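One structure below.
A, B, ... follow the sequence lines: proteins, then strands. Residue 1 opens every chain. This is a predicted model, so every value here is computed, not measured. We use all heavy atoms of the structure for the numbers below, so side chains are in, but hydrogens, waters and symmetry mates are not.
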Protein chains: 2
Amino acid sequence: MSFSCFPTLHAVRQWSNVPFLTVPLARAHGKSFAHRSELRQAKRIVVKLGSAVVTRGDECGLALGRLASIVEQVAMLQNQGREMMIVTSGAVAFGKQRLRHEILLSQSVRQALHSGQNQLKDMSLPVLEARACAAAGQSGLMALYEAMFTQYSTCTAQILVTNLDFHDDQKRRNLNSTLHELLRMNIVPIINTNDAVVPPPEPNSDLQGVISIKDNDSLAARLAVEMRADLLIALSDVEGLYDSPPGTDDAKLLDTFYPGDQQSITYGTKSRVGIGGMEAKVCVQAHCVKAALWALQGGTSVVIANGTHPKVTGHVITDIVEGKKVGTFFSEVKPAGPTVEQQTDMARTAGRTLASLLPEQRSEIIYALADLLTEKREEILSANKKDLEFAINSGRMPASMLKRLSLSPSKLNSLAIGLRQIAVSSQDSVGRVLRRTRVANNLDLEQITVPIGVLLVIFESRPDCLPQVSALAIASGNALLLKGGKEAANTNRILHELAQEALSVHNVRDAIQLVSTREEVEDLCRLEKMIDLIIPRGSSQLVRDIQRAAKGIPVLGHSEGICHVYVDHEASIDKVLKIVRDSKCDYPAACNAMETLLVHRDVLRTPLFDQIIDMLRTEQVKIHAGPRFASYLTFSPSEVKSLRTEYGDLECCIEVVDSMQEAVDHIHKYGSSHTDVIITENEETAEQFLQLVDSACVFWNASSRFADGYRFGLGAEVGISTARIHARGPVGLEGLLTTKWVLRGDGQTAADFSEQGSMKFLHENLPVAQPLTGQRTSN
Amino acid sequence: MSFSCFPTLHAVRQWSNVPFLTVPLARAHGKSFAHRSELRQAKRIVVKLGSAVVTRGDECGLALGRLASIVEQVAMLQNQGREMMIVTSGAVAFGKQRLRHEILLSQSVRQALHSGQNQLKDMSLPVLEARACAAAGQSGLMALYEAMFTQYSTCTAQILVTNLDFHDDQKRRNLNSTLHELLRMNIVPIINTNDAVVPPPEPNSDLQGVISIKDNDSLAARLAVEMRADLLIALSDVEGLYDSPPGTDDAKLLDTFYPGDQQSITYGTKSRVGIGGMEAKVCVQAHCVKAALWALQGGTSVVIANGTHPKVTGHVITDIVEGKKVGTFFSEVKPAGPTVEQQTDMARTAGRTLASLLPEQRSEIIYALADLLTEKREEILSANKKDLEFAINSGRMPASMLKRLSLSPSKLNSLAIGLRQIAVSSQDSVGRVLRRTRVANNLDLEQITVPIGVLLVIFESRPDCLPQVSALAIASGNALLLKGGKEAANTNRILHELAQEALSVHNVRDAIQLVSTREEVEDLCRLEKMIDLIIPRGSSQLVRDIQRAAKGIPVLGHSEGICHVYVDHEASIDKVLKIVRDSKCDYPAACNAMETLLVHRDVLRTPLFDQIIDMLRTEQVKIHAGPRFASYLTFSPSEVKSLRTEYGDLECCIEVVDSMQEAVDHIHKYGSSHTDVIITENEETAEQFLQLVDSACVFWNASSRFADGYRFGLGAEVGISTARIHARGPVGLEGLLTTKWVLRGDGQTAADFSEQGSMKFLHENLPVAQPLTGQRTSN
């Protein structure tokens, strides 16, 4: 379709110095959103593209991929039924590019006519007049937008405005009704200042001053309020608002900004050099903020974000609309509690005090929490009842999840018993000396266990997870951020209050923080340098999602449990039946359940094999045949699609191998290094299997279901890890600890031990079983 | 500039069924490139965009961002002086979109005229004729390309061809000379089949068959050879060639494909459903491969890659031209050695045997390597001389690097001594029992140390790193991939041969592999699931680069060492002067050198402080003042830009604190958790500092330079880690080990221990100091 078939406004009028915002606003149209998560409801959205987004640094070539991706997102949102408007910069840069080229061409033609000699190199390009550039660029810029939007069956219309269009009531009404008409027709208005008629640049101002970025910011704000937009997204090349100048030691990007806090902002310089001197930039950001505040006052929510960052540009607009933590969100309503960043800071500080307590003191806290679980039983159960009722009324929760959500007096009792066990085991976790070396005379080295720092534990439905994980964190001296599911919000809240009450015993109340259910897991996974370890507790899907989302923060856990049981030809019938049944059927959804049964070829035509099949049939286990096994059968059950499948249900694969070695090879090729079992009466075969299989857990004549922290005797379980660094297999308290090296000397230097030095290394190992050092209370 | 000012070829001629490639090629123009790294030299490049790249699945909206990014890359390469040509699909999809819209419009107009009632919902869209779509889409597609290329000041020209244009000699010459003329004029030709005149689709063939993707592949190949292009990049929605059907358990993407291997390919189905049935897809890929082989035979190198992958599209073309491992590279020359993937496989297999040897046997290998360093001294030194001469002749290597590159008899001697120390310490590394638990009667659990798996060690210039790292890997039973710098290629080669010779003693020659210098570090860092741990040994820049490049593989190391020395007001003058001098001046470039000196306020106006300053001046240390310190001075030295600076040189920052606690806070806020020191005579203050500071190494009255594996008495050092999981601080052999859990039972199941079960857990800790189990030789 052609551009000209839609109304196009060239609101070219006389220029004026009056900024867009000086005209008093008729009225605010309502309340802006209080929280990012509400941005999903935004229907009418203004997207402002700063010149940094549309142009590329000094080269002034358009950042095509960036622009295309923005168009794609805007079109997508428009096709969702939202009403999108774009306020764009860039015509000057666009035209500069074009005019340069034309001048070069005309110069070279002139040259060819006049001299015939190659003097191209000597020719310098004239300084291009900005308004000429703007005029030359406007048509190309619009053509580009139109060509791009057409690909999404989205129509655009061009609107050129000046300050004065808002100053004059009649003009304003005209513009207003035109824009409404366009939105009604499902057309995306693309609004630009009419650069050709704006004033020339001030002396000492840079070329791009003509675009009047300031005016572009305020234009967008003005339009957003005038059109009663729900959201204004202002994209430039700054990440958002910082509490100190970006680049300085303390600068932190503000996730949410409240107008009441305005005095606390330092308007920083931008990270990229682009447009003019230092002061101009500060000014730009200040003005941008002013425009944002003005829009907010008018009832439009605002997000300021970076539209030039290559990694995020692909989603910056849609991410903002989905409520993700991108840039700075302007909100009128300051939430009651601290932000998650503040919670993390509070937790780290209190956690350091927790770590410096005596082990007995940490135990006391855990005992106190265990007692509270019994004392406050009524409150807990009544909060849990609320969650349950809500879940039942919503009618969307399956029975299995309801069961996990529900607490009972007996569940609370066993929870309290478990906590008291953790209290006992916490006695020698932190500050344990692992290694003690006399490096030289009067120079002693100790390696001691210390907490990891700040843990983030993300758990689903089961609220009993909260006191358990809290006890583990307390025992290991770690600070803890808890993120529970919405469905258990009431139960989690009271349990968290009890944990903090227990922590208060030793004045470290803030060491455990419950994150608001409104926070997105994905955003939490990005808090690099604030969180040291993420522990997902829930489905393997949850673990996978978090492993994918975590940027630069290690995640403890396994995403797959493809466990094998290998039945050797020298296996005992009884043991095979017992172990295979238990491994598959005890709890088929567990990660340590058997997925593939490997059978020695010689077992195949024996009564044992028939008994195995009979047992699996009785237990209603669906059998899939591996290719080798299928080839032995006349009527084969369904052949497996992949030997690398985690069924997580009453299903398993059976495959045939020629030998123990072949079983090992199969496990290495298709397994997930979680838990693998051999059943045999031949000790030598068993020991070889135990040695050769490279998995976190390798068992001989025992069910794969033993791969579990509690069954291993580790006390409470943090999780099971299939990683090859840090903790591996079932992880107890140990997995929440790291070490630190403490050296005590009396003035020694490295030079003392050089060839010219006077000292020699002893490196004498000292016994570690001595009283703990460095464990004093600091409060 | 306008499109029409440049020659545009509409080579519209009669259609023909003759495929492009049946016409015999006049002659091949030379040899294709033998290795990806040579692709940088490609001058003339044909980029083929399959319909999957240009259109988006079934929606047929153009994937605008994707296309924009491709245009950006092509324009960039063109501006580098290369001659780029594009063979594009997409006009049909483009036109379909447009025609649908027009039909909808005209229908609704008709409807408005005839009935006035809303019957829009009942109207179904007609099936659009493909050739009409092609004709309607062509102009829009070209306009889009032109609008995009214009942003990079790059001109395009449209060429429409049919098979017959290549069949007729005269037409071929015409086309050929037109294309050459365009390239000469720095114009990017955009070539498309003339869909409007090609035959109608076959029965049962899908709509898009009209585009004749097959012909598009062969068209690109034909053009590439005809125009003597150096490289053909064929982009579609498959990753490249697999050795088995993609999605099956064994499928591996081929990095490089040699025509001689053709019989081994399985033409897989594509991952995305897009165009027609299963067979069509297999056929497409087969035809694509055939076209690629044909081009290769004609002397044009070919890379087939995925142009739709959102993460890589941004760079797919430039990455290919830079020689990175993207898609499948077609090469005529099969390199002599194995690929790096094959090397990794070989290393893992041999590594597993290495791990199953007796500790004494691993020691023997290390002793053998130590002996070889002395025995083969002459060969080593002569290889080293070659590297040195080359480095000196190139004249680009600074003296400090030459020194690190050069070996000497004494260096080799001390290297051999170090190796023998590792041999000793290797005795109890693998298979050590860390924990032994009696879970129940006849159910015993052991946690034993095992190797991590396959290590990748990346090291710069210093060739002595190779035997050292090899010995560490052997001692810990790990497989090892070594990637050394080009500058030490000869030395590394002989040292690696010696390592393999030593490994042959126990038949595990392949456990250590030297990666070709041609492999890109970045590509190696992407070998997820093949490599378990990456250890960079070299500058902190190297570490940072590798941490950034590593995807899903843990990296051992620290990228920053911002170490503090805190001088307490109760410090001894002598110790302060000694320790501060040593910490800063012993080796300023080291990561454990002091960067910030924290001074208690009370020290400030004392003679001690003057002595510190005098000492630093004598040592020519440049002093930067922290903001607090600066405020005390009348004439302050330059104030620091950031308190988080790693100078790595004879420079340091001085800052004033009020108390030990403030020093700790400063360290937590600005430090990198590497090594921090307190100097004081007050034991209580010292112990509090040691306890409170949360760094990998915390020292009292000792130089920060002691933070080192050798000085700590760990024997050989793997590196220093500031991570909070796995190893922390100086890392010895321990850091190369993980653990595995071995459970030995006699048929127990989890059900036996349930409430209804007959057994009870004992969880009794057994002493660990018993003979090693599971350590049998398997070969």
Side-chain angles (χ1 to χ4, degrees), chain A residues 61-62 64-65 68-69 71-72 101 143-144 147-148 151-153 249 356 437 439 445 452-453 532 554 575 578-579 582 586 642-644 687 690-691 696-703 705-706 712-713 724-726 728-729 738-751 763 774 776, chain B residues 1 61-62 64-65 68-69 71-72 101 143-144 147-148 151-153 249 356 437 439 445 452-453 532 554 575 578-579 582 586 642-644 687 690-691 696-703 705-706 712-713 724-726 728-729 738-751 763 774:
Chain A
L62 282 216
L64 213 53
S69 140
V71 166
E72 187 165 350
H101 204 97
L144 186 63
M148 287 178 161
Q151 309 323 312
Y152 301 95
S153 299
D249 284 337
S356 71
T437 308
V439 173
L445 179 70
I452 284 184
D532 298 304
K575 289 178 190 168
K578 267 189 78 177
I579 292 172
D582 197 71
D586 182 52
S642 165
L643 289 164
R644 233 174 246 135
E687 288 298 337
L690 294 176
Q691 200 278 318
C697 304
V698 202
F699 298 170
W700 172 27
N701 286 350
S703 165
R705 296 272 299 133
F706 281 106
F712 272 15
R724 303 190 68 91
I725 62 162
H726 196 59
R728 192 165 181 237
T738 181
T739 62
K740 119 172 155 186
W741 299 87
V742 173
L743 183 70
R744 295 177 179 86
D746 68 348
Q748 291 88 342
T749 62
H763 289 152
R776 296 174 200 180
Chain B
M1 75 232 71
L62 283 215
L64 211 57
S69 141
V71 166
E72 187 165 350
H101 204 99
L144 186 64
M148 286 178 162
Q151 308 325 312
Y152 301 95
S153 297
D249 282 340
S356 71
T437 308
V439 174
L445 179 71
I452 285 184
D532 299 303
K575 290 179 190 168
K578 265 190 80 177
I579 292 173
D582 196 68
D586 182 52
S642 165
L643 289 164
R644 234 174 246 136
E687 288 299 337
L690 294 177
Q691 201 278 319
C697 303
V698 201
F699 298 170
W700 172 27
N701 286 350
S703 164
R705 295 273 299 132
F706 281 106
F712 271 15
R724 301 189 70 89
I725 62 161
H726 196 62
R728 192 164 182 237
T738 181
T739 62
K740 117 172 156 187
W741 298 87
V742 174
L743 183 69
R744 295 179 178 85
D746 65 351
Q748 290 89 342
T749 62
H763 289 152

Please flag which part of B/His726 lies under 4.5 Å from any non-hydrogen atom of chain A: side chain, backbone, both or neither. both
Can you measure from CE (A/Met148) to CD (A/Glu72) and round to the nearest 0.5 angstrom? 10.5 Å
Sort A/Asp746 into side chain, backbone, both or neither according to what part of it lies under 4.5 angstrom from a heavy atom of chain B. both
Return the option, out of B/Val71, B/Asp586, B/Thr739, with the maximum number of heavy-atom pairs under 4.5 Å with chain A. B/Thr739
Residue from A/Lys578, A/Arg724, A/Arg644 scoring the most non-hydrogen pairs under 4.5 Å with chain B is A/Arg724
Please name the pair of heavy atoms, one in A/Phe699 and one in A/Leu690, separated by the smallest distance, quoted to 0.1 Å. C-CD2, 3.8 Å
Taking side chain as everything from C-beta outward and backbone as N, CA, C, O, which of these in A/Val698 sits under 4.5 Å from a heavy atom of chain B? Side chain, backbone, both or neither. both
Mind ranking B/Thr738, B/Ile579, B/Thr749 by heavy-atom pairs under 4.5 Å with chain A and telling me who comes out on top? B/Thr749
Based on non-hydrogen pairs under 4.5 Å, which of A/Asn701, A/Leu743, A/Leu643 is most in contact with chain B? A/Leu743
So which heavy atom on B/Asp582 is nearest to which on A/Ala751, and how close? OD1-N, 3.1 Å
Mind ranking B/Ser703, B/Cys697, B/Ala750 by heavy-atom pairs under 4.5 Å with chain A and telling me who comes out on top? B/Ala750
What is the ring orientation for B/Phe712 with A/Trp741, classed by angle as parallel under 30°, tilted 30 to 60°, or perpendicular over 60°? tilted
Applying a strict 4.5 Å limit to non-hydrogen atoms, the region of B/Leu445 in contact with chain A is side chain
At a heavy-atom separation under 4.5 Å, does B/Thr437 approach chain A through its side chain, its backbone, both, or neither? side chain
Distance-only, no hydrogens or angles: does the A/Lys740 side chain make a donor-acceptor pair with backbone N or O of B/Gln691 under 3.5 Å? yes
Give, for atom CD1 of B/Ile452 and atom CD1 of A/Ile725, the distance between the pair rounded to the nearest 0.5 Å. 7.0 Å
Under 4.5 Å to a heavy atom of chain A? For B/Ala696 that would be backbone
B/Val742, part contacting chain A, at a heavy-atom distance under 4.5 Å: both
